[in-house]
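Remarks on the structure that follows.
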Amino acid sequence: MLLDAISYLNSILLGAMLFFVIIVSPTVFTALSSDQASKFLRLIFPRLFLFGLALSLITALGYNISGQYIEMFLALFASFLFFLNRNILTPLINYHRDKEIEGDIKSKNYFKLLHLLSVSFFVINLFILVFFLLNNTFNFV
């Protein structure tokens, strides 16, 4: 029963992340001006990362209660990546993007590097969630 609830939470988080990547982001850039898109994304990204942090912490607790410690550590790792993305990378990305717009060449490179790191964390979390769902079905671990 608890593992089913955990699986549902993982499915919800994976669906939210995929919806954001496939639907929201491309739509924002086609429907809004660059300035409006930037403002919107600066509001929604921290909320998405907070949502991911909360759900992955809840699933880590559920895995701990169920005695599935490998999954618990993976969920804690995913939580850590969401935390880093929300609290460290996103403010730095926004800062360097603003500096890049002002003409700072170094900030352009920092922005690209930090954005790549943020996307990498996001993709790692996607893979962790897919692993959870496949493991729930096929019992790899």
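Computed over heavy atoms, backbone and side chain alike; hydrogens, waters and symmetry mates excluded.
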Next on the checklist: Do L92 and I105 sit in one hydrophobic cluster, given that two such residues count as connected whenever their side-chain heavy atoms are within less than 4.5 Å of each other, even indirectly?
Outcome noted: no

Checklist entry - Does atom CZ of F83 have more than 12 heavy-atom neighbours, drawn from other residues, nucleotides or ligands, at distances under 6.0 Å? => result no

Checklist entry - Should L117 and L113 count as side-chain neighbours, where that means a heavy-atom distance under 4.5 Å? => result no

Next on the checklist: Do F73 and F127 sit in one hydrophobic cluster, given that two such residues count as connected whenever their side-chain heavy atoms are within less than 4.5 Å of each other, even indirectly?
Outcome noted: no

Checklist entry - When rounded to the nearest 0.5 angstrom, what distance separates CG in L89 from CZ in F122? => result 13.5 Å

Checklist entry - Between K108 and D104, does at least one N-O distance fall below 4.0 Å, as a salt bridge requires? => result no

Item to check | Which atom of T90 lies closest to which atom of P46, heavy atoms considered | outcome: CG2-CG, 4.1 Å

Item to check | Note, N136 side chain near F132 side chain (heavy atom, < 4.5 Å) | outcome: no

Item to check | Within-4.5 Å side-chain heavy-atom neighbours: T27 and V24 | outcome: no

Checklist entry - Rounded to the nearest 0.5 Å, how far does CG of N125 lie from CG of L81? => result 5.0 Å

Checklist entry - Any ring-ring contact (aromatic ring centres under 6.0 Å, His included) pairs touching residues 16-45, not counting sequence neighbours? => result F20-F45, F45-F49

Next on the checklist: Has S38 got a side-chain atom pairing as donor or acceptor with S34's backbone, closer than 3.5 angstrom?
Outcome noted: no

Checklist outcome for this item: So CD1 of I12 and CG of L14: to nearest 0.5 Å the spacing works out to 11.0 Å

Next on the checklist: I'd like to know if the side chain of T59 and the backbone of S56 have a donor-acceptor N/O pair within less than 3.5 Å.
Outcome noted: yes

Item to check | Straight-line distance of I58 CD1 to L13 CG, nearest 0.5 Å | outcome: 10.5 Å

Item to check | Contacts of F82 that satisfy ring pair (Phe, Tyr, Trp, His ring centres under 6.0 Å) - sequence neighbours left out | outcome: none

Checklist entry - Do V123 and M17 belong to the same hydrophobic cluster, where Ile, Leu, Val, Met, Phe, Trp and Tyr are linked whenever their side-chain heavy atoms lie under 4.5 Å apart, directly or via other members? => result no

Item to check | Single-linkage hydrophobic cluster, 4.5 Å side-chain cutoff, L116 and L84 together | outcome: no

Checklist entry - Does any N or O in the side chain of N85 come within less than 3.5 Å of the main-chain N or O of S118, such that one atom is a donor and the other an acceptor? => result yes

Checklist entry - L133 and S11: which non-hydrogen atoms are nearest, and at how many Å? => result CD2-OG, 3.4 Å

Checklist entry - Atom CD1 of I65 and atom CE of M72: how far apart are they, to the nearest 0.5 Å? => result 11.0 Å

Item to check | Spacing of NZ belonging to K39 relative to CG belonging to D35, to within rounding of 0.5 Å | outcome: 4.5 Å

Checklist entry - Under 3.5 Å, side chain of S25 to main-chain N/O of V21, donor-acceptor pair present? => result no

Item to check | Summary of ring-ring contact (aromatic ring centres under 6.0 Å, His included) pairs that have at least one residue in residues 85-121, sequence neighbours excluded | outcome: H96-Y110, F111-H115

Item to check | salt_bridge(R42, D98) N-O dist < 4.0 Å | outcome: yes

Checklist entry - With the 4.5 Å side-chain cut-off for hydrophobic clustering, are I124 and V119 part of the same group? => result no

Checklist entry - If you take all heavy atoms of K99 and S107, which pair is closest and at what distance? => result CB-OG, 3.1 Å

Next on the checklist: Are more than 12 heavy atoms, taken from residues, nucleotides or ligands other than I70, located less than 6.0 Å from that residue's CD1 atom?
Outcome noted: no

Next on the checklist: Given 3.5 Å as the limit, does a donor-acceptor pair link the side chain of S7 with the main chain of L3, or not?
Outcome noted: no

Item to check | Which atom of I6 lies closest to which atom of S66, heavy atoms considered | outcome: CD1-OG, 4.4 Å

